[in-house]
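Every number for a ligand or one of its atoms is a count from 1 in the order of the listing.
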Amino acid sequence: MARAVNPYITGPPLHPAQRFFGRQETLEWIIRGLRNPAVNSVVLFGQRRIGKTALLLQIQRTLSPDLFLPIYFDPQEHTTRPLGNVLADLSDVVSEALGVTIVEPGTFDDRGLFFGRTFLPQVYALIGKHRRLVFLFDEFEVLSPEEEDELPPSVAYHAFLRFIRRLMNTDNRPAFVFTAGRRVDDLALDFTARFKAAMVREVWTLERPATEMLIRQAEANGTLRFTDRAVERIIQLAGGHPYFAMLLCQQVWEQACAYTAPDSAPPQVTENEVEAALTATLAAGDAAMAWIWDGTSLAEKIYAAALAETVAEGEFVPEEHGFDVLDSHAARLRIRGINLAPRDLVRRRVLELPEEGFYGFAIDLFRRWIRQNHPLDEVKEELDRIDPLADELFG
Ligand SMILES: Nc1ncnc2c1ncn2[C@@H]1O[C@H](COP(=O)(O)OP(=O)(O)O)[C@@H](O)[C@H]1O
Ligand SMILES: [Mg+2]
């Protein structure tokens, strides 16, 4: 018998064996929007690795082919090429979805004239009045302003953004679904202002039954058995975050199944096996967690580090608690803006506020990661590096 296969797959997102769980309500909301001719865009934003690409691909699979022609495209892969080349690639994807060759390559100009005036009308003629072209643009706006400045203005990133915006304003037939991985706080506003009619929604954790199904995948493929308490433990740690739950299960699976003989009964996973997989999970999740951490301000880092160091798993404490920790540690840690940090951390989904005034970590794995990688002392050193006068100013 072949070696058992780890069913927990964390990428690339197009992996054919990857299964999609949950988000039913969001999918229905999106599809209702796309069926409405007055809606031409949907924006899905959220943290890196929360499942935006997975959701976009699921929309593509779910849309009825009688009513829609969904086209998945990741402009990020084309950021440095001229617009004409990007549109030629996009048209290839459309042609492939339609199963016909519409135009010869090389006819696409860098102003998008051929694409808008010739190519799209041909597509509309082929799909008929009742079928809607839906562009699924993944990671629509991902470059930092500095990266953007480094690009010559003629390259696709600027040109593509501008072109799509113009297309949205002048052609009401296609619909657009965008995902964006930018920081949660400024994005919703930005997008709503830019794309007036956009439906905007944040992508966050999975619902409980979906999380449980994601975890129990290895039972479905006959390679593991979980006790109910083990499943509960994983949910406590990963909090419905599909990627972190997937990473934790991946490690549990590796540790439990690596040495099982083929044809032996599936090993049982208890809370102990989950606990034993924690260190490896934090290491595997390092890049995704560092991304969240790097997106926070210094005030947020200070407050989050203070909390991570002093609250227990699942514990919620009054806002003042974090400030008390700072005061007892070093008064200069109470930097300007620190009073806003708890709220900002909730907006970023680092903290949670289940009851007015009481804060705790949204995802316990992230609390552990901060405690391990960014203790308060280290954050204090960072503050001193940035602002050696802080001691005098605020101390
Ligand atoms: N709904 C879901 N069902 C199953 N796995 C998911 C789901 N959402 C995310 N994942 C897991 O999380 C990983 C990261 O998701 P991805 O869509 O690439 O995130 P993003 O595009 O937001 O960075 C996926 O490879 C997959 O393992
Ligand atoms: Mg993605």
Single hit among His321, Glu352, Glu319, Glu315 for side-chain hydrogen bond (donor to acceptor under 3.5 Å, both in side chains) with Tyr359: Glu319
Mark the output for Gln58 as yes if a heavy-atom distance to ligand 1 is under 4.0 Å, and as no if none is. no
Path from Leu340 to Leu353 over hydrophobic side-chain contacts below 4.5 Å: no
Under 3.5 Å: N/O of Phe21 near N/O of ligand 1: yes
Salt bridge (charged side-chain N to carboxylate O under 4.0 Å, His left out) pairs, two or more places apart, involving residues 213-222: Glu212-Arg216, Arg216-Glu219, Arg216-Asp228
Residue pairs, two or more places apart or on separate chains, that pass salt bridge (charged side-chain N to carboxylate O under 4.0 Å, His left out) and touch residues 233-251: Arg233-Glu275, Arg233-Glu313
Do any N/O/S atoms of Thr179 come under 2.8 Å of the Mg ion (ligand 2)? no
Considering both backbone and side-chain atoms of Phe20, is one of its nitrogen or oxygen atoms within less than 3.5 Å of a nitrogen or oxygen in ligand 1? no
Determine, using the 4.5 Å side-chain heavy-atom cutoff (strictly less than), whether Trp369 and Trp291 are members of one ILVMFWY cluster. yes
Atom indices of ligand 1 within 4.0 angstrom of Gly51 heavy atoms, with elements: 8 (N), 9 (C), 15 (O), 16 (P), 17 (O), 19 (O), 20 (P), 22 (O)
Residue Arg19 vicinity, atoms of ligand 1 by number, heavy atom under 4.0 Å: 3 (N), 4 (C), 5 (N)
What do we get for Ile9 next to ligand 1 when only non-hydrogen atoms under 4.0 Å count, side chain, backbone, both or neither? backbone
Atoms in ligand 1 with a heavy atom of Gln47 nearer than 4.0 Å: 22 (O)
Using a plain distance cutoff, I'd like to know if Glu139 has any nitrogen or oxygen under 3.5 Å from a nitrogen or oxygen of ligand 1. no
N or O pair under 3.5 Å between Arg49 and ligand 1: yes
Atoms of ligand 1, numbered as shown, that sit under 4.0 Å from any heavy atom of Pro242: 6 (C), 7 (C), 8 (N), 9 (C), 10 (N)
Measure up the His374 and Trp293 rings against each other and bin them: parallel (under 30°), tilted (30 to 60°), perpendicular (over 60°). parallel
Only heavy atoms of Ala54, strictly under 4.0 Å: list the atoms of ligand 1 that pass. 8 (N), 17 (O)
Under-4.0 Å heavy-atom contact with ligand 1, by part of Met246 that carries it: side chain
Between Phe73 and Phe137, what is the ring plane arrangement, given parallel below 30°, perpendicular above 60°, and tilted in between? perpendicular
CA sep, side-chain torsions, deciding dist, call: Phe178, Phe45, ring-ring contact (aromatic ring centres under 6.0 Å, His included): CA-CA 8 Å; Phe178 304 102; Phe45 69 94; over 10 Å; no
Any N/O pair Thr53/ligand 1 closer than 3.5 Å: yes
Between Asp324, Asp377, Thr310, which is the residue that forms a side-chain hydrogen bond (donor to acceptor under 3.5 Å, both in side chains) with His329? Asp377
